[in-house]
Chemist: 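Would you mind keeping the following structure in view while I ask a few things?
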Amino acid sequence: MAATSAAAIDKSAMVKQRIAVLIGEMTLEEKIGQMCQVDAGMDEVSETLAEDIRKGKIGSVLNQVDARLVSELQRIAIEESRLNIPLLIGRDVVHGFSVIMPIPLGQAASWNPGLVEACAKSASIEAAAHGVNWTFAPMLDISRDPRWGRIAESLGEDPFLAASLGVSMTKGFQGENCYGVSNIAACAKHFVGYGAVEGGRDYATTNIPENELRNIYLEPFKAVVEAGITTVMTSFSDIDGVPATGNEYLLRNVLRDEWGFEGLVISDWNSIGELETHGFAENKEQAAFQAVAAGVSMEMAGDAYASSLAALVKKGELDIDIIDEAVSNVLSIKFQLGLFDNPYSDPGIFAETEFNDALKISHQAALESTVLLKNNGVLPLAKQEQKKIAVIGPMADDPYEQLGTWIFDGNPDLSVTGLQGICRAAEPETEVAYCQAMKTTRDAEADIAVAVQLAAASDAVILFLGEESILSGEAHCRADINLPGCQEELVKSVSAAGKPVIAVIMAGRPLTLNNILDDVDALLYAWHPGTMGGQAIAELIFGDAVPSGKLPVTFPRHVGQVPIYYNHKNSGKPPSKEKVVHIDTIEAKTPQTSLGMCVFHLDEGYEPLFPFGFGLSYTRFSYSNIECSNKEISAGNAVTLSAEVTNEGGVAATEIVQLYIRDLVGSVTRPVRELKGFRRVFLEPGQTKRISFELDSAALSFYGRKQERVIEAGEFCAWIGGDSRADLETRFRLVL
Ligand code: NOJ
């Protein structure tokens, strides 16, 4: 052990020395070159790009994944530039490469860190085989607003879950330490608060009080920094009046000084130039100054650094040490990735075995990310009892639209659609008849008569609904999050045919499903499930696999409830069933003060449609006998919380057991519940297991009024159960 760490210290000292030597040899222009990333998405290497690389004007390119061209770019950098410095090759490898995994929000519904790591590892190997050595993932923006299209890319609304899965993704991409041909550098984005854009409109302003920022939004970033993530990307938004890309407090004081981050910070696409548009900088030069002074080491796809930094240094307005620090951050990642030893990719690392593994991982991830939201007993569908099944809907057989938001390199030819999956599983014993009914999910009219006729002539109907890939992701926000087009009408008409209706929703966000819930017998939420989605869905429908996914985000009943999330504050007037009144029951001239007087809406109440952590199975799990190892714990000690979970049904299945706590009194108000642990537990029919969670006193700490981490004495409630409404409760005290 001692020998290894000594070797590691030697290596890092050696690298530091090599970086210092290189920086010593660089001209100012070459230094600035390392701080520039340009778009290289072209069919051939252009002479301009080649010349810029030769002259050392470029440290990184993005969006080139043709292995031949990437290797030519690297060759020019290594052989023809004066200092032979390899390039960082960036790409948004977010949920797969040619084989697409479920969208990150879907992966989060698996609550399976190992599987999430495997998804990232597989994508990393395939991307690396194409010459990519840097991905812009994981996206760690806490998202409480399903109107925001980028919720699809996120890991949901909870800091604990997002932190845990974000660390898994980071490990999947970077491996042990980034080094080696199949590892790529990961990038935590978007630092920070981007998920809180006003009204769920992408790129809009964010206003997050610092206490909320620290207790909620920063947590997943802090976790990946502790896990060794090498790069961070700034957010497009302004936060509390300061654009994230020029935010010295967040980028220096918090990220670097408090957390000790030593890696590379990259801007988002032209977000340095946009400091001018924000009205934060007078011109590009000032924008460049603000970003570099704040600690942004590299500019993505803009020319503020290239056009302004040299002049700023020459005028004496910018200290060369700031430039050297940025260059050192860039070079250090290049060393860490091993690019100075071998900058070239090896296509052989993603061969048949790895390709087949990728398909298997995509399949398993689609199985585990699908959430069963309703089932009146129709599922699993007994194949032998179905003579004919009707498959209906615009998302049933679209190999591209099931893939999700970040699919630059995705290959729709590999997709198994829902229709294909069902045909493969059910034919020839069962006849499968298909009616697309709507060309797109947005159509105002559908072939309703044909669909209804087909439904009436079948034993069961499987409706594939939702929204296409293009309706979520960056710049794709919606004010109305109902099923688009006339899908609701389609559901109601088909349901009126009187046959069992199973709805499968593919979407990049929580949709409001209140309007169709009573019209369907079962509801499976598949997100955008990726390449193998259709096979996984068919297996779940026919009971060859059992749903285990749980929601990583609250599903509102109505868009007007947004933001609605489980870990809210209690307020002085918490709602309850007894207190709330419904708009329809208000009588004329009712005195104002008798109308509820608590946190709710007159028309929608206060509860969501489905709470955070919720998901059904083909069996039922019960929870009992909660225990707490000690009723009092002191700082530095741990408490063990456990409960028995029993599979009450006749099917072996996996339950995601969740631990929530509440700090009853704090120097700042505390959330009504906080997730503090979760575990996937497999149980045979009738089997009971005691599941324990050890909670260190540090897990009870939080950021207090001075925005420093505090641990405060007092009483805590803890619940163990299957979702955020778990009611099996115990209590303990933290004493100091
Ligand atoms: C803009 C997006 O905000 C960011 O997430 C992405 O990584 C970059 N473009 C590069 O494509």
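Residue indices begin at 1 and follow the sequence shown. We count ligands from 1, going down the list as the structure has it; atoms in each ligand are counted the same way.
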Chemist: Does anything in residues 183-198 form a salt bridge (charged side-chain N to carboxylate O under 4.0 Å, His left out)? List the pairs, not counting sequence neighbours.
Modeler: Asp92-Lys189
Chemist: So which bit of Met139 gets within less than 4.0 Å of ligand 1, heavy atoms only: side chain, backbone, both or neither?
Modeler: neither
Chemist: Heavy-atom contacts with Lys189 under 4.0 Å: which atoms of ligand 1 show up? List them by number with element.
Modeler: 4 (C), 5 (O), 6 (C), 7 (O)
Chemist: Show the atoms of ligand 1 that are less than 4.0 angstrom away from any heavy atom in Met300.
Modeler: 8 (C), 10 (C)
Chemist: Nearest protein heavy-atom contact for atom 1 (C) of ligand 1: which residue, which atom, what distance?
Modeler: Asp268 OD1, 2.9 Å
Chemist: Between Lys57 and Glu30, is there a side-chain N and carboxylate O pair less than 4.0 Å apart?
Modeler: no
Chemist: Under 3.5 Å between some N or O of ligand 1 and some N or O of Asn63?
Modeler: no
Chemist: In the protein, what heavy atom is nearest to atom 10 (C) of ligand 1, and what distance, to one decimal place, separates them?
Modeler: Asp92 OD2, 3.1 Å
Chemist: Could I get the full list of salt bridge (charged side-chain N to carboxylate O under 4.0 Å, His left out) partners for Glu368, not counting sequence neighbours?
Modeler: Arg680
Chemist: Does even one non-hydrogen atom of Met233 get within less than 4.0 Å of ligand 1?
Modeler: yes
Chemist: List ligand 1 atoms under 4.0 Å from Phe136, heavy atoms only on the residue side.
Modeler: 7 (O)
Chemist: Can a salt bridge be assigned to the pair Arg252 and Glu325 using a cut-off of 4.0 Å between side-chain N and carboxylate O?
Modeler: yes
Chemist: Hey, which of Cys187, Ser297, Ser60 is the one that makes side-chain contact (heavy atoms from CB on, under 4.5 Å) with Ile266?
Modeler: Cys187
Chemist: Hey, is Lys284 close enough to Asp303 for a salt bridge, meaning N to O under 4.0 Å?
Modeler: yes
Chemist: With backbone taken as N, CA, C and O and side chain as the heavy atoms from C-beta onward, which portion of Arg150 lies under 4.0 Å from ligand 1: side chain, backbone, both, or neither?
Modeler: side chain
Chemist: I need the minimum non-hydrogen distance between Glu299 and Gly273, along with the two atoms involved.
Modeler: OE2-N, 4.3 Å
